[in-house]
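Chain identifiers are assigned alphabetically (A, B, ...) following the order of the sequence lines, protein sequences preceding nucleic acid strands; residue numbering begins at 1 within each chain. The model shown is predicted, which means the values in this text are computed figures rather than measured ones.
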Amino acid sequence: MEKTYNPKEFEERLYNDWEQSGYFKAVRDDDKVPFTVIMPPPNVTGQLHMGHAVDETMQDTIIRFKRMQGYCALWLPGTDHAAIATEVKVVNELAERGIKKDDLTREQFLEHCWNWKNRYGERIVNQLKKLGSSCDWSRIAFTMDDRCSKAVREVFVNLYNKGLIYRGARLINWCPGCRTAISDAEVEYEEENSYLWYIKYFIEGSDSEGLVVATTRPETMFGDTAVAVNPADERYKKYIGKNVILPIINKPVPVVGDEHADMAFGTGCVKITPAHDPNDFEVGKRHNLESVTVMNGDGTMNGFAGKYAGMDRYACRKAVAEELKILGNLIKTEPHTHNVGHCYRCHSAVEPRVSKQWFVKMEPLAKPAIGAVNDRKVTFVPERFAKIYYNWMDNVKDWCISRQLWWGHRIPVWYCKDCGKEICLKDDPAVCPECGGKNLTRDEDVLDTWFSSALWPFSTLGFPEDTSDLEYFYPTDVLVTGYDIIFFWVARMIFSGLEHMRKVPFRDVLIHGLVRDEQGRKMSKSLGNGVDPLDVIDKYGADSLRFSLLQGVAPGNDMRYSDSKVEACRNFMNKIWNASRYVIMNCEGRTIKSVTGFKLTHADKWIISRLQAAIRDVTLALNKFELGIACQIMYDFMWSDFCDWYIELTKAALYSEDGERKDNAVSVLLFVLENALKLLHPFVPFITDEIYRSLPHTTGSIMVSDFPRYNSKLAYKKEAAAFGGVMEIIKAVREIKVETGCAPSKKVNVYFVSDNKRLITTNAEYIARLAGCGNVKNINSKDDLDERCVAKVTGVGTLYIPTGELVDADKERERLNAELDKVTGEIRRADGKLNNTGFIAKAPKQLVDAERAKLEKFREMREKILEQLKNL
RNA sequence: GGGGGCAUAGCUCAGUUGGUUAGAGCGUUUGCUUGACAUGCAAAAGGUCGCAGAUUCGAGUUCUGCUGUUCCCACCA
């Protein structure tokens with residue numbers, strides 16, 4: 001083995017081997033319990049970012065754990081066509097090449113899209129592989145492949161036939177940048193500084209009397225079809241029923257009384273533009289007002305804006321305000337901040353607009369979906385995210401699913417030109433089923449990308465076919481995703497699963513946070529602060545990156561990425577590497593035995609006991625999806641217990657001349673290392689397998705080995721506790737050396753006055769080696785020593801180190817006094833606790849006894865320290 | 001307007017049924033070429049766990065209020 005950990009030498013080789021060996025493939029096995037994870041499909045818009053890296057690492061860790069535990073573990077990968085997002089990218093790319101989308105036919109454009117998809121889809125797969133993802137590539141899916149398309153068609157037609165999909169003219173969110181409708185969930189609101197324009201609309205027939213409306217959007221006045229006042233507003237009551245005249249175009253519109261007008265806001269009069277404002281749309285419906293759309297799809301004004309036709313909406317806003325000022329209708333303007341909706345993809349300001357679109361009726365679907373979470377058929381981890389889900393589901397409005405795009409699932413509806421019939425069928429119709437006419441045209445629009453993602457947990461498993469896989473692997477077990485797509489995706493999968501499969505799509509939803517940069521900012525293209533996972537893998541290795549994304553992270557919390565964190569993890573990998581190197585080097589020529597086949601030393605029992613605790617705790621943590629805690633347990637076990645302590649302890653045996661002793665030591669080392677590697681494998685698959693294959697007694701890959709099981713026979717609780725005393729002694733000697741300025745290399749003699757003489761004699765060699773001692777001996781009392789000594793009180797007994805004249809009495813007194821303070825504090829604390837009658841009466845007996853024992857120990861220590869001080 | 005999150009060592013964060021002397025990494029100080037590893041070893045300094053109450057024998061952990069910060073949802077033109 002190389003002296004330092006060099007992941008580049010083996011990561012790719014191992015991944016290829018895993019893949020070729022078929023370890024990733026999940027085939028239905030009725031003797032096994034299935035465990036299914038469906039990968040949230042990354043968009044084929046580009047490459048994976050740090051957020052994906054977290055998501056994939058968590059899934060891979062879980063699936064590897066379950067696979068080793070003996071489940072039939074399926075992790076099904078795939079990618080998403082991301083309708084609007086990809087189309088925007090392709091349009092931009094074409095524009096760079098001087099090609100306009102409008103100049104292409106639908107078919108030509110789609111060809112470009114598929115090219116894009118193939119390019120980026122492949123790239124994403126390679127990135128996933130670099131991360132070590134153990135997904136079943138033979139099942140890779142794409143939201144627009146034949147299988148998924150079939151599912152989409154089936155679902156659309158079923159919902160249509162049930163009346164849950166309908167078409168209608170509604171006020172929807174229109175993105176002038178993407179020139180398509182978008183759903184409520186796709187709108188992001190941002191606070192903007194703007195103005196409130198106060199405009200006077202004269203009463204019909206009067207050139208002085210009028211109503212002043214306050215508006216943030218003067219350019220929409222061409223679409224005003226009323227002015228509303230609150231019916232209870234004494235100031236304006238009398239005008240209800242009269243007309244006011246829209247300036248510039250001199251059009252009369254009625255004054256209506258409507259609760260929507262807030263008497264306290266602005267002037268109390270509000271202009272009503274049903275075609276361009278959701279509230280006004282409602283007012284319009286109540287008063288049967290005309291709806292006048294004044295803009296084109298690209299955000300320019302249309303013919304209703306008269307001379308402003310063709311002008312951009314913002315330019316028009318300025319121009320209208322200017323003209324109103326000249327006309328004398330503009331009373332005043334005042335600064336005003338308000339929230340403006342933006343498209344989550346292209347960031348243009350969204351235009352509310354009346355338009356004919358397709359919708360999914362949400363109420364009947366939402367109800368059971370809320371119930372499923374209520375009944376805990378689906379559980380959010382952490383649970384607080386259920387609230388976010390409820391909040392959205394409880395208030396959900398009908399879902400606008402049509403998009404004026406080309407890239408996506410085309411809506412399966414045809415219109416008969418002869419009889420006007422609307423046709424929605426599972427197979428493309430050749431003739432109109434109503435009149436037999438052949439004059440059919442298909443709806444031009446495509447579906448919201450989330451319509452197909454909503455079916456992902458079952459469309460990927462064969463739906464609508466009743467496949468064996470679907471029966472075996474569905475419902476899936478856990479969905480791992482970020483909190484930012486609970487509305488977009490998680491919620492929609494839940495109601496879709498219930499509606500089309502009659503079963504929830506997954507049992508647990510494991511939510512993680514966002515990866516931020518070192519300063520806590522969101523990683524984004526515009527800030528240029530994104531970190532490419534591939535760069536990190538290139539520099540530190542995939543295992544280091546994986547570990548850094550899991551360690552010290554609480555579920556659902558955002559995390560900060562920092563190079564130093566990955567570096568620390570790389571150091572841990574190096575530690576694992578070198579510890580293994582040590583073990584393997586010492587195996588040469590040795591006989592490996594079962595750890596139950598010979599007499600174990602105290603130290604052996606201690607490390608085996610620690611290993612059992614690690615097995616128990618890691619398994620528990622993983623079952624609860626507490627990946628961060630599990631990592632921490634392994635980090636501490638590996639570095640502190642195994643490397644810092646146990647490996648050092650084995651050197652006594654391994655550098656001795658006793659062959660059997662060496663065999664024993666190596667056997668325990670191997671046993672612990674092998675188990676530790678297995679425990680670590682789900683987190684850091686590459687390094688653990690690379691080492692595992694080098695171990696002298698293993699065959700095959702660690703990824704298909706059995707996950708360790710807790711064995712209570714190997715827990716050795718008593719022995720482990722006793723050995724803790726030896727460790728305490730070693731630390732005490734080291735401490736004295738540092739405090740007295742004694743060179744670490746200088747071998748000092750240590751004498752003990754202890755009740756447990758055997759513990760000292762048995763482990764004298766360890767104490768001598770790890771603390772740098774000459775003689776390590778028991779004595780009956782301090783009086784047996786002639787020399788001047790430094791003393792230290794430990795839980796096992798008092799130790800004395802003769803230091804001759806080297807030690808300064810004042811310094812020693814200072815040290816002892818410090819220790820006295822510490823112990824006295826402990827006595828005070830324990831004493832207080834035990835004097836509390838409530839504690840004695842109500843606390844568990846075990847705890848009270850432990851506290852009593854502690855108090856006793858500290859009291860003894862105190863006596864001994866006082867004695868030391870006196871002797872000085 | 002409604003609902004969350006966070007507030008613990010200089011920095012970044014763990015701390016999940018309330019119960020050892022509150023932990024880690026990075027940074028800092030001191031000392032070490034100890035035969036796996038200087039991507040290392042040993043030792044150490046550093047915390048009234050945001051504030052005020054409450055519950056409890058016992059609170060970093062539960063509850064209430066407050067302050068700061070941050071996010072989500074809704075959105076008055």
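The side-chain ring of A/Tyr655 is stacked on the base of B/G35, judged by centre separation under 5.5 angstrom and plane angle under 30 degrees.
One cannot find a donor-acceptor pair under 3.5 Å joining the base of B/A42 and the side-chain atoms of A/Glu648. In this model, a side-chain donor or acceptor of A/Asn339 finds a partner on the base of B/C75 within 3.5 Å. Taking 3.5 Å as the limit, the base of B/U39 and the side chain of A/Arg570 contain a donor-acceptor pair of atoms between them.
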Legend entry - Worked check of side-chain contact (heavy atoms from CB on, under 4.5 Å) between A/Val283 and A/Arg286: CA-CA 5 Å; A/Val283 175; A/Arg286 285 197 286 272; 3.7 Å; yes
Inset, instruction - Please step through side-chain hydrogen bond (donor to acceptor under 3.5 Å, both in side chains) for the pair A/Tyr483 and A/Asp558, ending with a clear verdict. - result: CA-CA 10 Å; A/Tyr483 59 70; A/Asp558 287 354; 2.8 Å; yes
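Using cut-offs of 30° and 60° for the angle between ring planes, the A/Tyr646 and A/Phe642 rings count as parallel. Note on ring orientation: taking the six-membered ring where Trp is involved, the planes of A/Phe547 and A/Phe683 are perpendicular (angle over 60°, cut-offs 30° and 60°).
Ion pair A/Arg217/A/Glu351 flagged as a salt bridge, since at least one NZ, NE, NH1 or NH2 atom sits closer than 4.0 Å to an Asp/Glu carboxylate oxygen. A/Lys271 and A/Asp277 are not joined by a salt bridge, as no carboxylate oxygen comes within less than 4.0 angstrom of a charged side-chain nitrogen. The pair A/Glu819-A/Arg815 meets the salt-bridge criterion, with a side-chain N (NZ, NE, NH1 or NH2) lying under 4.0 Å from an Asp/Glu carboxylate O. With respect to A/Lys854 and A/Glu851, a salt bridge is recorded, a charged nitrogen being found less than 4.0 Å from a carboxylate O.
Remark: B/C49 base-pairs with no nucleotide; criterion is Watson-Crick or G-U wobble with both hydrogen-bond distances under 3.5 Å. With a 3.5 Å ceiling on both atom-pair distances, the Watson-Crick or G-U wobble partner of B/G68 is B/C6. Of all nucleotides present, only B/A44 satisfies the Watson-Crick or G-U wobble test against B/U28, with each distance under 3.5 Å. Across all strands shown, B/U55 remains unpaired; no Watson-Crick or G-U wobble contact has both distances below 3.5 Å. Base pairing analysis places B/A36 opposite nothing; no Watson-Crick or G-U wobble pair with both distances below 3.5 Å involves it. In this structure, B/G18 forms no base pair with any nucleotide, since neither Watson-Crick nor G-U wobble geometry is met with both distances under 3.5 Å.
Minimum atom distance to the side chain of A/Lys397 is reached by B/C75, of the listed B/A43, B/C75, B/U39. Among the nucleotides B/U12, B/A43, B/C41, the one closest to any side-chain atom of A/Arg560 is B/U12. Out of B/A14, B/A36, B/G4, the shortest distance to the side chain of A/Ala554 is found at B/A14. Residue A/Phe265 has its side chain nearest to B/A77 when only B/A77, B/C37, B/G4 are considered. Side-chain proximity of A/Tyr635 to B/A77, B/A24, B/C37: nearest is B/A24. Across B/G19, B/G5, B/G25, the shortest atom-to-atom separation from the side chain of A/Ala843 is found for B/G19. Considering only side-chain atoms of A/Ile629, the nucleotide from B/G15, B/A77, B/G35 that sits closest is B/G15. Side-chain proximity of A/Ile647 to the nucleotides B/U16, B/G4, B/A36 is greatest for B/A36. The side chain of A/Asn391 has B/C73 as its nearest neighbour among B/C73, B/A43, B/A77. Nearest to the side-chain atoms of A/Ala261 among the listed nucleotides B/A77, B/C75, B/A36 stands B/A77.
The phosphate of B/G4 has neither OP1 nor OP2 within less than 4.0 Å of any side-chain N or O from A/Arg384. Between A/Lys3 and B/C37 there is a side-chain N or O to OP1 or OP2 distance below 4.0 Å. Residue A/His276 has no polar side-chain atom (N or O) positioned under 4.0 Å from OP1 or OP2 of B/A77. In terms of phosphate contacts, A/Trp645 brings no side-chain nitrogen or oxygen within less than 4.0 Å of OP1 or OP2 of B/A42. Of the side-chain N and O atoms in A/Lys737, none sit less than 4.0 angstrom from OP1 or OP2 of B/C32. A/Asn395 has no side-chain polar atom (N or O) that falls below the 4.0 Å cut-off from OP1 or OP2 of B/A74.
In this structure, CD of A/Glu739 is placed 8 Å from C1' of B/A43, rounded to the nearest angstrom. In this structure, CZ of A/Arg521 is placed 16 Å from C1' of B/U12, rounded to the nearest angstrom. Rounded to an integer number of Å, the gap from CG of A/Leu673 to P of B/C37 is 16 Å. A/Asn557 has its CG atom 12 Å from the C1' atom of B/G15, to the nearest Å. Across the protein-nucleic acid pair, A/Met559 atom CE and B/A14 atom P stand 9 Å apart, rounded to whole Å. In this structure, A/Trp639 atom CH2 and B/G23 atom C1' are separated by 16 Å, rounded to whole Å.
Look at the C1' atom in both B/G27 and B/G46: the space between them is 11 Å, to the nearest Å. Taking atom C1' in both B/C71 and B/U64, the straight-line distance is 24 Å, to the nearest Å. Comparing B/U67 with B/C75, their P atoms sit 28 Å apart, to the nearest whole Å. B/G50 and B/C72 have their P atoms separated by 25 Å, with the value rounded to a whole Å.
A/Val270 comes within 4.0 angstrom of a base, heavy atoms only. At the heavy-atom level, A/Lys575 lies under 4.0 Å from base atoms of the strands shown.
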